[in-house]
Amino acid sequence: MHLCVFRSYMTLYAIIPILLFLVGLLLIRKYTTKKVAPFPEAWKPLLAKHVHFYSLLSDAKKTTFQQRIMRFLSQVVIDGVGLEIEALDRILIAASAVIPVFSFKNWRYTNLSGIILYPDYFNEDLEFGPEAKFKHIAGMVGTGRFEKQMILSKKALYHGFANKTDKGNTAIHEFVHLIDKMDGKTDGIPKKLIEHQYIVPWLKLIHKEMRAINNYKSDIRMYGGTNEAEFFAVASEYFFERPKLLKRKHPELYKLLHRTFIK
C-alpha cells in the first residue's frame with residue numbers, strides 16, 4: 001500500500017472514535033435535557049401585575065422573559081418548608097433570577113440546583129416560627145451541606161416585589177450573590193460580567209460609596225457598608241428597583257452597574 005494512502009486510512013481510523021464520541025454526547029444531551037414547558041397562560045396576568053421590570057418590556061422581550069422563566073424553572077427545584085409552593089412563588093423566584101441576567105442570552109446558574117422557601121424570616125439555625133429566636137434572615141446562599149442551594153423567606157420575597165419605593169428586593173440580592181460567586185469568590189467583583197479594565201475603577205467606587213454609607217452620607221442601605229460583596233448586592237437591588245433615582249443620586253455607580261448588567 002502506498003505510504004500516503006496508508007496514512008490516510010490511519011487518520012480516518014483515528015477520527016472515527018472521536019466522531020462516534022461526539023455523536024454520543026449529542027444523543028445523550030438530546031434525550032436527557034429536560035424539555036422546557038411553555039409559559040402557562042394563567043401566569044401571564046400574575047407576572048404583569050407583580051413584576052414591574054417585566055411590565056416595562058416590549059412585547060417581544062416579554063415573550064423572551066417568559067421563556068427565560070420557564071428555562072430557569074426547568075433547571076432548579078423549588079421546595080417549601082412549612083408551606084405549599086404556589087404559582088406566584090415560582091413566578092417571583094424565577095423573575096428574581098432572570099432580571100439581573102436578562103441581557104445575557106444563554107445565562108445559567110451553574111452554582112444553583114435548588115431553592116428552599118420558608119414562610120417567614122429565619123435564624124442562623126434555619127429556624128422560623130413563634131418559638132424561634134433572632135429571626136432576622138430574609139435570604140441566604142447556602143454553603144457546606146447547603147452548597148448550590150438558596151434559602152428564601154416567602155414574606156421577604158413578596159415584600160421585595162410589592163414595595164416599589166424601598167430600593168430593595170431580597171431575592172434579587174441573593175441571585176446577585178450567586179452571580180458574584182460564579183468565579184469562585186463572593187467578593188463584590190462579578191468577573192463573569194464585568195470587563196477586566198473596569199475592575200479597578202469598580203473597586204475604587206465600591207470603597208468610596210461604602211465610606212459614604214458608613215459615615216451616614218448615603219441613601220444606599222446601611223447593609224451595603226458591611227463588605228464589598230454586600231455592597232454589590234445592595235447596590236444591584238437599588239439599580240433594578242429604582243434605576244432613575246440611582247442614576248440621579250449616584251450617576252457614576254449607575255453607569256458602572258449599567259455597563260455590568262445591560263449588554
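Note that the numbering runs from 1 along the sequence shown for the chain.
Partners of Tyr118 under the side-chain hydrogen bond (donor to acceptor under 3.5 Å, both in side chains) rule, at least two apart in sequence or in another chain, do not exist in this structure. Considering only residues two or more places apart in sequence or on other chains, Lys62 meets the salt bridge (charged side-chain N to carboxylate O under 4.0 Å, His left out) condition with none of them. In this view, Gln197 and Glu195 satisfy the side chain to side chain contact (heavy atoms under 4.5 Å, CB included) rule, not counting sequence neighbours. Residues that satisfy the salt bridge (charged side-chain N to carboxylate O under 4.0 Å, His left out) test with Asp120, not counting sequence neighbours, are Lys155. Remark: Lys208 engages no residue in a side-chain hydrogen bond (donor to acceptor under 3.5 Å, both in side chains) (not counting sequence neighbours). Here Ala235 pairs with Phe231, Leu253, Leu257 under the side chain to side chain contact (heavy atoms under 4.5 Å, CB included) rule; sequence neighbours left out.
Applying the side chain to side chain donor-acceptor pair (under 3.5 Å) test to pairs two or more places apart or on separate chains, none has a residue in residues 76-87. Residue pairs meeting the ring-ring contact (aromatic ring centres under 6.0 Å, His included) criterion with at least one member in residues 79-101: none, sequence neighbours excluded. Listed by first and then second residue, the side chain to side chain donor-acceptor pair (under 3.5 Å) pairs involving residues 99-111 amount to none (not counting sequence neighbours).
Between Thr170 and Ala156, the shortest heavy-atom contact is OG1-CB, 3.8 Å. In terms of heavy-atom proximity, Val36 sits nearest to Arg71 at CG1-N, 3.7 Å. In terms of heavy-atom proximity, Glu228 sits nearest to Asp187 at CB-O, 3.3 Å. Residue Arg242 comes nearest to Thr165 through the heavy atom pair NH1-O, 2.9 Å, listed as atom of the first residue, atom of the second, then distance.
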Under 3.5 Å, which donor-acceptor pairs link side chains of residues 49-60 to any protein atom two or more places apart or in another chain?
unit_1 : atom_1 : unit_2 : atom_2 : d
Tyr54  : OH     : Gln66  : NE2    : 2.8
Ser55  : OG     : His52  : O      : 2.6
Ser58  : OG     : Lys61  : N      : 3.3

Identify every side-chain donor-acceptor pair in residues 134-147 under 3.5 Å, counting partners at least two apart or on other chains, and give the distances.
unit_1 : atom_1 : unit_2 : atom_2 : d
Lys135 : NZ     : Gly129 : O      : 3.1
His136 : ND1    : Phe134 : O      : 2.9
Glu147 : OE2    : Lys181 : NZ     : 3.1

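Aromatic ring orientation, Phe232 versus Phe261: parallel (interplanar angle below 30°, classes split at 30° and 60°).
Taking Ile, Leu, Val, Met, Phe, Trp and Tyr as hydrophobic and joining them when side-chain heavy atoms fall under 4.5 Å apart, one finds Tyr121 isolated, its cluster having no other members.
Here the CD1-CD1 distance, from Ile78 to Ile93, works out to 4.0 Å after rounding to the nearest 0.5 Å.
Of the charged side-chain nitrogens involved, at least one lies within less than 4.0 Å of a carboxylate oxygen, so that Lys44 and Glu41 count as a salt-bridged pair.
Distance alone, capped at 3.5 Å, places no donor-acceptor pair between the Asn169 side chain and the Glu237 backbone.
Both tests do not hold together for Arg221 against Tyr238: distance to the six-membered ring centre under 6.0 Å, angle to the ring axis within 45°.
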